[in-house]
Each structure stands twice: as structure tokens, then as C-alpha cells.
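Everything below concerns the one structure shown next.
Since the model is a prediction, treat every value here as computed from it, not as a measurement.
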Amino acid sequence: MNTELSIAVNGQGLYEITPDVAAVVATSGLTDGLATVYIRHTSASLIIQENADPAVQRDLEAFLARVVPEGDTGDDAVRYTHVEEGADDMPAHIKSALTQTHLSIPIMDGRLALGTWQGVFLWEHRHRRNERRVIVNLLS
């Protein structure tokens, strides 16, 4: 079973999509199996991360911004050749390559087998508003 979700984003950040993915599992009637969550983009990614303390999300974003800076940064200039879509585009592709485009989550007793503080997040790496497509594939 495949379901495509449309997720609206308002720029860079982590957007929790656990309820969206859990709803697909709940309506499927599947009790045990595997959910594969896949994002159909190269400038956004997916992660499983803590969903209790928003400081974790802020720290992750700040860390990745230091690792992959946007544009030219003075003497330590990062010079990207792919610049047609804006200063945040090539860094977004690199951030996506360093994270994940798909996740595998077991389904047990009709629910995602996530830990107590775990959530599924779409990590938007571009500044602009966007509509992201995420596929949830369920296997028994």
C-alpha cells in the first residue's frame, strides 16, 4: 500500500509528520509490518529525532548550518557552482545528502514502533515556502 502525503512547509526547519504517518498506518488496518517513509525531493530530508524538547531541533539546525554554510563566507569561502536556484539551493542538496531521504519504521500492534520521545520529521533545507511530497509505503 502506498500513500502520498503533501506537507506544506514555511521555510527551513524541522516539521514533525509523525501524526500524518501514524494516520496512514491506522487507516490501513495493518497490525504488523514495515512502514517506509520516502521524500521525493533532493533539498529536504527525513529524520527520526526527539520530539519532546524543541531545543533539540534548534540545536540540530544550528549544527547543520555550521557544517554546510550558505553562500560565500569570507576567507573560508564556500563556492558552489550550482547557484541558479538561489544561495540556499546547493547547501540544501548537501544537507539532504548528509541526512536521509527515507526511513524504515516497524509496525507493531497497528502502530509505529517509535520510542517514547521519537518523532518523524521532514527537514526542510530551503528558505522558501514549499509543498513537499512524502510517500508512505506499508508492507506486511
Give the C-alpha distance, both sets of side-chain angles, the deciding distance and a yes or no for side chain to side chain contact (heavy atoms under 4.5 Å, CB included) between T3 and M1.
CA-CA 7 Å; T3 300; M1 174 184 167; 3.5 Å; yes
So if you build clusters from Ile, Leu, Val, Met, Phe, Trp, Tyr with side-chain heavy-atom gaps below 4.5 Å, do V134 and I47 land together?
no
Please determine whether the number of non-hydrogen atoms from other residues, nucleotides or ligands lying under 6.0 Å from atom CZ of R40 exceeds 12.
no
Taking all non-hydrogen atoms of both residues, which atom of E124 and which atom of V9 are closest, and how far apart?
OE1-CG2, 3.4 Å
Give the other cluster members for L34, using side-chain heavy-atom distances under 4.5 Å between Ile, Leu, Val, Met, Phe, Trp and Tyr residues; answer none if it is isolated.
none
Could you state whether L122 and V24 fall into the same hydrophobic cluster, counting links through intermediate Ile, Leu, Val, Met, Phe, Trp or Tyr residues with side-chain heavy atoms under 4.5 angstrom apart?
yes
Residues I105, I48; criterion side chain to side chain contact (heavy atoms under 4.5 Å, CB included); working and verdict
CA-CA 9 Å; I105 307 167; I48 293 176; 3.9 Å; yes
Atom CG of L112 and atom CE of M108: how far apart are they, to the nearest 0.5 Å?
11.5 Å
H41 (side chain) donor-acceptor with R133 (main chain) under 3.5 angstrom:
yes
L46 and side chain to side chain contact (heavy atoms under 4.5 Å, CB included): which single residue from T99, V21, T101, I17 fits?
I17
Taking the side chain as C-beta and beyond, is there a heavy-atom pair between M90 and E70 under 4.5 Å?
no
Heavy-atom distance under 4.5 Å between the side chains of Q57 and Q49, does that happen here?
no
Any side-chain heavy atom of T31 sitting closer than 4.5 Å to one from D109?
no
Close side-chain approach of S45 and H125, heavy atoms under 4.5 Å:
yes
N137 (side chain) donor-acceptor with T36 (main chain) under 3.5 angstrom:
no
Cluster question for you: counting only ILVMFWY and a side-chain heavy-atom cut-off of under 4.5 Å, with indirect links fine, are I39 and Y15 together?
yes
Nearest heavy-atom pair of Q118 and N51: which atoms, and what distance?
O-ND2, 3.4 Å
Is L114 linked to L30 within one hydrophobic cluster, defined over Ile, Leu, Val, Met, Phe, Trp and Tyr using a side-chain heavy-atom separation of less than 4.5 Å?
yes
With rounding to the nearest 0.5 angstrom, report the CZ to CD distance, F121 to Q100.
13.5 Å
Could you check whether any side-chain heavy atom of E61 comes within less than 4.5 Å of a side-chain heavy atom of L14, counting everything from C-beta outward?
yes
Ignoring hydrogens and geometry beyond distance, is a side-chain donor-acceptor pair present between R132 and S43 at under 3.5 Å?
yes
Enter the distance from D59:CG to E50:CD here, rounded to the nearest 0.5 Å.
10.5 Å
On a heavy-atom basis, the closest approach of W117 and A52 is CE3-CB, 3.3 Å
Considering all heavy atoms, the nearest A35-L138 contact
CB-CD2, 3.6 Å
Indicate yes or no for a side-chain donor-acceptor contact from S96 to the backbone of A44 under 3.5 Å, with no hydrogens or angles considered.
yes
Shared hydrophobic cluster for V120 and L5 (ILVMFWY, side-chain gaps under 4.5 Å):
yes
What I'd like to find out is whether the side chain of V136 reaches to under 4.5 Å of the side chain of Y38, using heavy atoms alone.
no
For V37 and I135, what are the C-alpha separation, side-chain angles and deciding distance, and is it a side chain to side chain contact (heavy atoms under 4.5 Å, CB included)?
CA-CA 6 Å; V37 186; I135 296 174; over 6 Å; no
Mark yes when over 12 heavy atoms from residues, nucleotides or ligands other than N2 sit less than 6.0 Å from its CG; otherwise mark no.
yes
Any side-chain heavy-atom pair from R66 and L64 closer than 4.5 angstrom?
no
Could you check if a side-chain atom of K95 sits within less than 4.5 angstrom of a side-chain atom of Q12, using non-hydrogen atoms only?
yes
